[in-house]
Amino acid sequence: MLKEYRSIKSISGPLLLVEGVEGVKYEEMVNIKLSDGSIRNGRVLEVEGDNALIQVFEGTSGIDSQNTRVRFLGRGTHIYLSDDILGKAFTGLGKPKTKKDIIIPEESRDINGAPINPYARDYPNEFIQTGISSIDGLNTLVRGQKLPVFSGSGLPHNRLAAQIARQSTVLTDKEEFAVVFVAIGITFEESEYFINDFRKTGAISRAVLVLNLADDPAIERIASPRVGLTIAEYLAFKKDMHVLVILTDMTNYCEALKEVSAARKEIPGRRGYPGYLYTDLSTIYERAGRIRKKKGSITLIPILTMPEDDKTHPIPDLTGYITEGQIILSRSLYKKKISPPIDVLPSLSRLKDKGIGQGKTREDHADLFNQLYAAYARGKEVEELAVILGEAALTDMDKLYLRFAGEFEEEYVSQDENENRTIDQTLNLGWKLLSVLPRGELKRIRVEFLDKYLKKFKKEEDSKVS
């Protein structure tokens, strides 16, 4: 028999302090029964002596400290899992969104799973195709990698997230692939966009949606990414699937963490965020990866909006320390109507070398992306020079690089949100763009690859000019 307490000592924001408790544990779930008979849920944040600090998911408004009864449930936050979970949508706490989303449970798991033991980790080394050239060709996503997207307010990161979720796949037919899409603190319109987009394109059949809305309790945001990763762990390490987890927007998660920290009267760290922000983020990010002797894998794409487009802000800064690279969206490219506005020069996938080459993508991939980077970087330098000195001051070679940079942005980086390019189409497009430059300028590509691939596209380019 679970014991009930009527000893609420104080109420502060979303927190209750209950005194005189016995045998209560950290992260334990709580039922709070109000005087009108309604029940709210919470969890234990802190235990000190016989006092327990409780975080109320639905907020504390209307709670009467004299007549409210508190019951500790003796377990953490659990979600139910089974094979039926694909194609379903859940709340931020892992509860079915509608009656159609109810599943017949096979097992129950605590959402507060542990990060993968470094000793048990296997190295990420397989290619994941997103269908987006600026990711597949230049900042390749590798199975088991953590690759965040750094965006800014008003940039189309949600559309990019939906496109990645729709199009991503592994190139081997025999392996099963699934997407766990976690939306944190989004509006109702954004929620409807994601649900309708997934259903319209048929991507819902291999996806699980975890949707936490902006008007849901801020406390629920802290649970949402953990719910998504618990689902991913079940699919990857029990059902042997390759799972891509997309978390958007992690800035909303960090703001919720900041709010709870302030309510607990903790000493703030950088810009008011709790001092344990790095540790907290790592408990989420480090649950992704590959485990030795396990067929499945978890690949993670956290998406976050940088306040004031500031890369040194604590959220992108700490995320960059934990993850293996970053995809950066550019406001200047967005103003030029380049979409998705991925700025390839500061973007980086630290594990891309492990997922490309013969047998994974194509033999020429590494040389090709090195040359594309170099040519585009020089083209951007020429663009700055032309602004200062005017195009009349440019050499003929400068003008070629300027042309290349413009075509690269318009044809390679920019693509329709429903355009799904194969890796061969992406690589061929790279050769086509490089064909505007003289062969002598392509110094980062081996001769055998120039002989094999360049001739075909050079002929096409020459025929256009004539």
Side-chain angles (χ1 to χ4, degrees), residues 121-149 160 163-164 167-175 177 179 242-246 288-290 295-301 323-328 340 342-377 404 408 411-413 415 419-435 437 442-454 456-457:
R121 281 185 180 274
D122 205 356
Y123 208 89
N125 64 0
E126 297 290 337
F127 172 67
I128 291 180
Q129 180 175 287
T130 66
I132 299 169
S133 292
S134 44
I135 296 177
D136 293 347
L138 302 172
N139 297 288
T140 312
L141 181 63
V142 182
R143 221 182 280 176
Q145 185 178 8
K146 305 178 286 290
L147 185 63
V149 175
L160 176 64
Q163 186 174 3
I164 293 172
Q167 298 178 176
S168 293
T169 185
V170 289
L171 297 185
T172 45
D173 295 332
K174 295 179 182 177
E175 295 178 302
F177 188 79
V179 174
H242 296 290
V243 185
L244 174 65
V245 180
I246 298 176
R290 297 175 67 221
K295 291 182 182 178
S297 64
I298 300 175
T299 307
L300 181 64
I301 299 183
T323 54
E324 293 118 9
Q326 68 279 329
I327 304 293
I328 296 179
I342 295 174
D343 193 347
V344 298
L345 294 179
S347 296
L348 170 69
S349 170
R350 293 192 183 100
L351 300 179
K352 63 177 177 283
D353 293 338
K354 305 297 178 185
I356 63 174
Q358 186 71 40
K360 293 178 181 177
T361 54
R362 209 168 73 185
E363 58 184 354
D364 58 317
H365 193 158
D367 287 13
L368 185 62
F369 82 63
N370 281 333
Q371 189 63 64
L372 286 169
Y373 264 120
Y376 181 55
F404 170 83
F408 179 82
E411 295 183 39
Y412 194 96
V413 178
Q415 67 182 87
E419 184 182 358
N420 187 359
R421 295 176 184 166
T422 65
I423 186 61
D424 280 334
Q425 287 175 325
T426 289
L427 295 173
N428 291 342
L429 180 57
W431 280 109
K432 177 192 165 192
L433 292 170
L434 286 174
S435 66
L437 300 173
L442 308 181
K443 298 171 184 174
R444 295 175 182 270
I445 302 177
R446 278 169 273 188
V447 174
E448 58 263 35
F449 296 150
L450 289 172
D451 292 339
K452 184 174 180 179
Y453 295 101
L454 184 63
K456 173 186 172 185
F457 295 102

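This one's a predicted model, so the numbers in the text were calculated from it and none came from an experiment.
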Quiz item: Taking it one step at a time, do Phe408 and Leu429 satisfy side chain to side chain contact (heavy atoms under 4.5 Å, CB included)?
Solution: CA-CA 9 Å; Phe408 179 82; Leu429 180 57; over 6 Å; no

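- Residues Asp136 and Arg421 are not paired through a salt bridge, judged by the lack of any N-O separation under 4.0 Å between the basic side chain and the carboxylate.
- Between Ile342 and Ser134, the closest heavy-atom pair is CD1-OG, 3.3 Å.
- Counting all heavy atoms, side chain and backbone alike, Arg143 lies closest to Ile128 at CA-CD1, 3.8 Å.
- Note on Lys295 versus Glu175: no salt bridge recorded, every NZ/NE/NH1/NH2 to OD/OE distance being 4.0 Å or above.
- In terms of heavy atoms, Leu450 sits closest to Ile445 at CD1-O, 3.8 Å.
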Self-check item: side chain to side chain contact (heavy atoms under 4.5 Å, CB included) between Leu244 and Leu141, intermediate numbers included
Solution: CA-CA 10 Å; Leu244 174 65; Leu141 181 63; 4.3 Å; yes

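- Side-chain polar atoms of Gln326 and Ser347 form no donor-acceptor pair below 3.5 angstrom.
- Checking Asn370, Thr426, Ile356, Asp353 one by one against His365, the side-chain contact (heavy atoms from CB on, under 4.5 Å) holds for a single residue, Ile356.
- Each of Leu442, Leu434, Asn428 was checked for a side-chain contact (heavy atoms from CB on, under 4.5 Å) with Leu368, and the lone residue meeting it is Leu434.
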Self-check item: Stepwise side chain to side chain contact (heavy atoms under 4.5 Å, CB included) test for Phe369 and Lys352
Solution: CA-CA 11 Å; Phe369 82 63; Lys352 63 177 177 283; 3.2 Å; yes

Quiz item: Should Val142 and Thr299 be marked as a side chain to side chain contact (heavy atoms under 4.5 Å, CB included) after you check the CA-CA gap, both sets of side-chain angles, and the distance that decides it?
Solution: CA-CA 8 Å; Val142 182; Thr299 307; over 6 Å; no

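- Between Arg290 and Glu126 no salt bridge is recorded (no basic side-chain N to carboxylate O distance below 4.0 Å).
- A donor-acceptor pair shorter than 3.5 Å cannot be found between the side chains of Tyr453 and Glu448.
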Practice problem: Apply salt bridge (Lys or Arg N to Asp or Glu O under 4.0 Å) to the pair Asp424 and Arg362, showing each step before the final yes or no. | Solution: CA-CA 8 Å; Asp424 280 334; Arg362 209 168 73 185; 3.5 Å; yes

